[in-house]
> 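Okay, here's the structure, questions in a sec.
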Number of protein chains: 2
Amino acid sequence: MAMPAYPDVFLALAEPLRREILELLGRRGRMGVTAIVETLRRPQPTVSKHLGVLRRTGLVSVAKLGRQRVYAVEAAPLRAVHDWTLMFERFWDHKLDRIQARAERAARADSGEPAAPTRRDIKRRERDGRS
Amino acid sequence: MAMPAYPDVFLALAEPLRREILELLGRRGRMGVTAIVETLRRPQPTVSKHLGVLRRTGLVSVAKLGRQRVYAVEAAPLRAVHDWTLMFERFWDHKLDRIQARAERAARADSGEPAAPTRRDIKRRERDGRS
DNA sequence: TCAATATATTCTTTAAACAGAATATATCAA
DNA sequence: TTGATATATTCTGTTTAAAGAATATATTGA
């Protein structure tokens, strides 16, 4: 497996199995390699190699725990991708929506939080949300 | 150039020049091929081939205008990437209120303590692998 | 110590994907 | 029509990245 010292984040995310691994780690939190292998039903060397790419890219971190290596999602590179896509936000997001979202959020805050907001865009709008 | 019928969005974004093209189109709006070529100083066939990938992925749209092909950013696939990254928002978002509660509820610890706790990982430790 | 477990690494082979050069197609302008 | 312009496509060679098999390394437990 060819391996540049620090693979590009986008390149790392281009591989479907690597995205699956990230999604799994995102849902389940920290996991050892064997748990990932058994969940995704892929050969262990395959998983280990992809974990290696993810680690070198900074997308995951490792912690030694006995003879296990416990992997976990690392935020920074994912956030970088997130921020990159925000550059194009104006192509799908109208300013009108943003105002409306703020109004909805304010109304919700007054009446208490509902259980599961499906529109997770609300948080994003909170972060950069001015007019 | 190998070309699957509908290239994966992440795969399309893995190529640096394609991201440059998208960024340029994002800033300048609609552009003809020659304008892109002259701005990015890359061979025209190279640019056209990458535009082809972007178009097949749905990342850009084309409009015939005389003998020009005018390209423009298309929102949907970029938004899909944006939404995918939001899956990991809680890893960088400090508003962990409800999310933390969910993580703790799912935590049925049956393994030892993490030996080397990294940063904020301590508060949401959970079982790694069953075995 | 030895064996088992957990994971990483090193081969080899195959398949994409890229660049570059050459060429093809379509449209305008004279 | 003819020639110029704008862009796409095809071909070739090279690089890269993936899978799969085999093996290596580290750690625990008996």
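Note that this is a predicted model, so its numbers are computed, not measured. Letters go in sequence order (proteins before strands), and every chain restarts at 1.
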> Side-chain N or O of B:Arg42 less than 4.0 angstrom from OP1 or OP2 on C:dG20?
no
> Ignoring hydrogens and angles, are the base of D:dA18 and the side chain of A:Glu15 linked by a donor-acceptor pair under 3.5 Å?
no
> Using whole Å, what does the distance between atom P of nucleotide C:dA16 and atom CZ of B:Arg56 come to?
15 Å
> Report the nucleotide, chosen from D:dA6, C:dA22, C:dT7, that has the shortest atom-to-atom distance to any side-chain atom of B:Thr34.
D:dA6
> In whole angstrom, what separates A:Asp8's CG from C:dA17's P?
16 Å
> Measure CZ/A:Arg19 against C1'/D:dA18 and give the value in whole Å, please.
15 Å
> How close or far is atom P of C:dA17 from atom NZ of B:Lys49, stated in whole angstroms?
14 Å
> Which heavy atom of A:Trp92 sits nearest a heavy atom of A:Thr85, and at what distance?
CH2-O, 3.6 Å
> Roughly, in whole Å, what's the span from CG in B:Leu51 to P in C:dA17?
17 Å
> Of all the choices, D:dA8, C:dG20, D:dA19, which nucleotide is nearest to the side chain of A:Thr46 once you look at every atom?
D:dA19
> Return no unless some side-chain N or O of B:Arg67 is found under 4.0 Å from OP1 or OP2 of C:dT25.
no
> Taking the nucleotide of DNA chain D with the closest heavy atom to each, which residue, A:Gln44 or A:Leu17, is nearer the 5' end?
A:Leu17
> Using atom CD of B:Gln68 as one end and atom P of D:dA8 as the other, report the distance to the nearest whole Å.
11 Å
> Are B:Arg28 and B:Thr39 close enough that a side-chain donor and a side-chain acceptor fall under 3.5 Å?
yes
> Any donor-acceptor pair, under 3.5 Å, between the side chain of B:Arg69 and the base of D:dT7, if you only look at N and O atoms?
no
> Specify the closest pair of heavy atoms between B:Gly26 and B:Val73, including all atoms of both residues, with the distance to one decimal.
N-CG2, 3.7 Å
> Atom CG of B:Leu40 to atom C1' of D:dT7: distance rounded to whole Å?
16 Å
> Determine: side-chain N/O of B:Tyr71 to OP1/OP2 of D:dA8, distance under 4.0 Å, yes or no.
yes
> To the nearest Å, how far apart are B:Ile21 CD1 and C:dC18 P?
11 Å
> Taking it one step at a time, do B:Thr34 and B:Glu38 satisfy side chain to side chain donor-acceptor pair (under 3.5 Å)?
CA-CA 6 Å; B:Thr34 300; B:Glu38 288 173 350; 6.0 Å; no
> Under the criterion side-chain contact (heavy atoms from CB on, under 4.5 Å), I'd like the reasoning laid out for B:Leu59 against B:Val9: C-alpha separation, chi angles, the key distance, then a yes or no.
CA-CA 8 Å; B:Leu59 281 160; B:Val9 184; 4.2 Å; yes
> Ignoring backbone atoms, test whether A:His50 places a side-chain nitrogen or oxygen under 4.0 Å from the OP1 or OP2 oxygen of D:dA19.
yes
